[in-house]
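See below for the structure under consideration.
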Amino acid sequence: MSYEIEIIRHSLAHVMAAAVKKLYGDVKFAGGPAIENGFFYDFDTEHKFSPEDFPKIEKEMRELIKSNGQFEKKNVSLVEAKQIFHDQPYKMEWLNEYDANGEVLSIYTFRDFVDLCRGPHVESSKDLPRDGFKIRNVAGAYWKGDSKNKMLQRVYVDAFANTSELEEFLKMQEEAAARDNRKLGRDMDLFHFEPEYAPGAVFWHDKGYKIYRRLIEYVRHRQELAGYQEISTPSVMDKCLWETSGHWAKYGEHNYSGKTQDGKVFCIKPMSCPGGMLVFGQGIKSYKDLPLYMAEFGKVHRYEAAGGLSGLMRVREFTQDDAHIFCTENQLESEVVKVLRFIKDIYSKFGFEKISMKLATRKESEFRIGSDEIWDRAENALKNALEKNGIEFEIAQGDAAFYGPKIDNYIKDSMGRPWQCGTVQLDMNLPERFDLSYIGEDGEKHRPIMLHRAMLGSIERFMGILIESTGGNLPLWLSPEPVVVAPISEKFKEYANEVVDKLRDSGIYARADLRDEKVNYKIRELSLAKTPIIAVVGEKEMADKTVTLRHLGNEKQETVSLSDFVKQMKHAVQMPK
């Protein structure tokens with residue numbers, strides 16, 4: 001019988017749990033759902049899993065699969081379930097919180113392992129692939145995702161319907177590892193992390209900081225042309241501001257805060273929105289001032305669990321290319337579409353042509369602010385803007401921000417992996433909470449509507465995506481060192497410096513590699529550092545006033561006159577329009 005991959009993965013999760021129970025005895029089981037590319041299971045056991053355990057667990061799983069064990073379903077009452085799982089605290093906690101209301105619960109038994117589960121599962125382990133899975137890693141995970149609870153061991157497994165699909169996936173993972181932003185950050189000397197002193201915060205090196213600044217410079221340039229004002233608000237503000245905005249009640253535990261000598265509590269800002277509200281509130285605004293575009297490259301800080309930190313992709317300190325657009329309800333639709341087109345055009349300049357969008361709708365009432373009426377208006381406004389303009393989108397139920405619905409933009413990198421970066425969020429609540437107003441045509445006060453907007457999103461995360469997608473082979477205008485001049489020997493250092501001076505005089509960053517090393521060694525080192533163009537100079541080049549060029553990823557060399565090379569580079573390093 002043929003089964004959907006999610007059923008196969010969830011069934012394999014039960015097989016792994018059975019294997020762990022057989023191998024390690026007294027184990028407390030939490031849960032193990034199917035996820036993208038595989039599954040995981042959370043265990044509480046005195047045994048500390050390590051990569052040395054993985055082959056042993058995989059072997060036991062294959063033995064269990066070979067045994068053609070049945071997945072037997074049984075419906076039980078809540079009382080019966082508590083009797084079955086009396087020695088499993090995590091199952092018991094769930095059962096004690098569950099209001100069965102007379103309903104039956106389903107349990108599945110596979111060999112000696114019993115689990116609470118809705119299913120479905122395969123009928124027999126003979127329907128599972130013996131070589132279609134591989135344990136990837138083990139990580140810490142708090143029970144129910146709450147840091148107040150016990151840390152469990154989460155074992156991740158890659159799982160597919162057959163061996164060839166698994167091998168194809170693992171090959172892609174190897175390529176992804178080679179492109180990992182942390183590895184390329186070391187190879188290219190861009191940045192590093194200091195987990196002991198500043199977990200989740202980037203230490204930028206000169207070359208990495210050049211890329212970081214260039215990204216901001218490009219977005220700033222495009223925003224200025226589009227009529228945006230740029231502001232800057234304080235990094236530390238009174239806790240009461242976050243109470244007014246609603247952020248403290250929803251995310252206070254993720255804020256960095258402290259009490260001063262006068263007894264006040266201040267927070268390092270986790271987002272730029274409240275500061276933008278205060279700037280808008282200065283002075284009287286007229287309907288003639290709207291739409292008003294207010295941008296800020298705000299450095300924000302949010303506490304993330306240590307286990308969730310991942311290179312540039314997930315950090316605790318990052319910079320957002322944030323903006324707030326204040327407009328009237330009549331202007332709303334056109335402004336949403338204008339922002340979405342702006343984001344799409346920005347992405348295209350970095351080579352990201354495939355963009356998908358998701359309309360994130362409201363969470364359950366306890367996780368949001370504002371009335372149902374306001375949410376109805378906000379969600380319908382975004383949906384109408386998308387539909388009327390023929391923009392394709394999916395619904396992401398329950399993924400909205402706590403203050404309003406949003407349209408998230410996803411890009412795919414060169415490996416086909418989706419990333420959420422840009423966003424447009426409709427907010428009818430914060431202008432109310434901060435009592436913002438403008439004077440309408442009728443001379444009366446009116447409440448503006450506000451759009452939160454980010455294009456790249458987190459500068460750090462977008463840079464990580466870009467580095468991984470390109471494998472470090474960045475476009476010339478973004479490269480921190482577009483040209484390095486390498487003299488063949490010490491005799492040609494003077495000419496190498498002359499080439500560098502000509503390039504710098506034309507506004508092109510370049511340097512000479514004057515190390516006392518063989519030129520082939522220099523070329524290998526510079527190629528590892530992803531230098532786009534290596535200009536080799538020797539006796540012939542010095543005599544003819546030329547340079548011999550080696551382009552990254554291309555073994556072919558070309559020799560051009562120095563004057564032509566400078567002209568070519570002057571054009572090539574310009575930021576896109």
Side-chain angles (χ1 to χ4, degrees), residues 1-23 27 29-43 49 53-76 81 84-85 88 90-91 94 98 103-139 141 153-173 176 394-397 415-418:
M1 184 182 292
S2 176
Y3 290 94
E4 293 181 0
I5 188 62
E6 287 78 12
I7 295 175
I8 291 173
R9 285 169 176 162
H10 191 46
S11 300
L12 282 168
H14 281 228
V15 173
M16 183 175 73
V20 168
K21 181 179 181 181
K22 186 174 180 180
L23 290 169
V27 180
F29 301 94
I35 57 174
E36 185 180 12
N37 301 319
F39 62 89
F40 68 77
Y41 209 106
D42 290 343
F43 301 101
F49 294 118
D53 295 309
F54 297 170
K56 189 190 304 182
I57 298 172
E58 291 170 354
K59 181 181 178 182
E60 186 60 38
M61 288 175 68
R62 293 188 183 96
E63 291 298 321
L64 288 170
I65 290 171
K66 262 197 304 187
S67 71
N68 293 342
Q70 300 295 304
F71 284 81
E72 297 176 355
K73 180 181 179 181
K74 183 180 179 182
N75 292 327
V76 298
I84 294 169
F85 296 103
Q88 289 291 327
Y90 302 103
K91 306 298 180 184
W94 186 86
Y98 181 66
E103 295 179 19
V104 295
L105 300 169
S106 63
I107 63 171
Y108 276 85
T109 302
F110 174 74
R111 307 308 258 172
D112 295 330
F113 176 70
V114 185
D115 206 358
L116 273 168
C117 188
R118 290 192 180 92
H121 287 279
V122 298
E123 289 184 11
S124 168
S125 60
K126 69 180 180 182
D127 298 310
L128 297 173
R130 294 186 192 178
D131 297 302
F133 57 87
K134 186 175 181 60
I135 299 177
R136 185 196 318 163
N137 67 342
V138 60
Q153 296 186 76
R154 176 169 292 178
V155 180
Y156 286 93
V157 182
D158 300 319
F160 293 85
N162 53 59
T163 308
S164 60
E165 288 184 15
L166 174 66
E167 289 176 348
E168 183 179 343
F169 172 76
L170 293 176
K171 184 178 179 181
M172 186 179 293
Q173 290 299 101
E394 298 176 25
I395 296 290
Q397 184 65 45
M415 297 180 65
R417 299 172 299 181

Tell me, with the steps shown, if Lys66 and Glu63 meet salt bridge (Lys or Arg N to Asp or Glu O under 4.0 Å).
CA-CA 5 Å; Lys66 262 197 304 187; Glu63 291 298 321; 3.5 Å; yes
Decide side chain to side chain contact (heavy atoms under 4.5 Å, CB included) for Asn162 and Glu165; before the verdict, give the C-alpha distance in whole Å, the side-chain angles of both, and the deciding distance to 0.1 Å.
CA-CA 6 Å; Asn162 53 59; Glu165 288 184 15; 3.2 Å; yes
State whether Phe133 and Arg62 meet the cation-pi test: NZ (Lys) or CZ (Arg) under 6.0 Å from the six-membered ring centroid, and within 45° of the perpendicular axis.
yes
Does a side-chain heavy-atom distance below 4.5 Å link Leu128 with Val15?
yes
Quick one: closest heavy-atom pair of Ala161 and Pro129, and the distance?
O-CB, 3.5 Å
Measure from the side-chain N and O atoms of His121 to the backbone N and O of Glu72, and report whether any donor-acceptor pair falls under 3.5 Å.
no
Which distance, rounded to the nearest 0.5 Å, do you find between the CD of Glu36 and the CG of Asp158?
11.0 Å
Can you check whether Leu170 reaches Glu167 side chain to side chain, under 4.5 Å on heavy atoms?
no
May I ask you to decide if Phe29's main-chain N or O and Gln88's side chain share a donor-acceptor pair within less than 3.5 Å?
yes
Working to the nearest 0.5 Å, report the span between CG of Leu105 and CZ of Arg118.
9.0 Å
Looking at side-chain heavy atoms only, is the closest gap between Ile135 and Tyr156 below 4.5 Å?
no
What about the rings of Tyr108 and Phe71, do their centers lie closer together than 6.0 Å?
no
Parallel, tilted or perpendicular: ring planes of Phe43 versus Tyr41, cut at 30 and 60 degrees:
parallel
Okay, side chain of Thr163, backbone of Gly132: is any donor-acceptor separation there less than 3.5 Å?
no
Are the side chains of Arg111 and Leu64 in contact, using a 4.5 Å heavy-atom criterion?
yes
Ignoring hydrogens, what is the shortest heavy-atom contact between Lys91 and Ala30? Give both atom names and the distance.
NZ-O, 2.7 Å
Under 6.0 Å from the ring centre and within 45 degrees of the ring axis: does the NZ or CZ of Arg154 meet both conditions for the six-membered ring of Phe40?
yes
How far does NZ of Lys134 sit from CE of Met61, to the nearest 0.5 angstrom?
12.0 Å
Evaluate the side-chain proximity of Ser124 to Asn68: yes if any heavy-atom separation is below 4.5 Å, no if none is.
yes
Evaluate the ring planes of His14 and Phe113, with Trp represented by its six-membered ring, and classify them as parallel (under 30°), tilted (30 to 60°) or perpendicular (over 60°).
perpendicular
Do side-chain atoms of Glu6 reach the backbone of Ala34 as a donor and acceptor pair under 3.5 angstrom?
no
Report the C-alpha distance between Lys73 and Ile107 in whole Å, list the side-chain angles of each, state the deciding distance to 0.1 Å, and finish with yes or no for side chain to side chain contact (heavy atoms under 4.5 Å, CB included).
CA-CA 6 Å; Lys73 180 181 179 181; Ile107 63 171; over 6 Å; no
Would you check, one step at a time, whether the test side chain to side chain contact (heavy atoms under 4.5 Å, CB included) holds for Asp131 with Leu166?
CA-CA 8 Å; Asp131 297 302; Leu166 174 66; over 6 Å; no
Contact check, side chains of Leu12 and Met16, non-hydrogen atoms, under 4.5 Å
no
Between Phe160 and Phe169, ring centroids under 6.0 Å
yes
Is any side-chain heavy atom of Lys56 closer than 4.5 Å to one of Leu23?
yes
Using the side chain to side chain contact (heavy atoms under 4.5 Å, CB included) rule, take Cys117 and His10 through it: C-alpha gap first, then chi angles, then the decisive distance, then the call.
CA-CA 10 Å; Cys117 188; His10 191 46; 3.0 Å; yes
Tightest non-hydrogen contact, residues Ala18 and Phe110, listed as CB-CD2, 3.9 Å
To the nearest 0.5 Å, what is the distance between CG on Asp115 and CD1 on Ile84?
11.5 Å
Taking all non-hydrogen atoms of both residues into account, name the closest pair between Ser106 and Asn75 and its distance.
CB-OD1, 3.7 Å
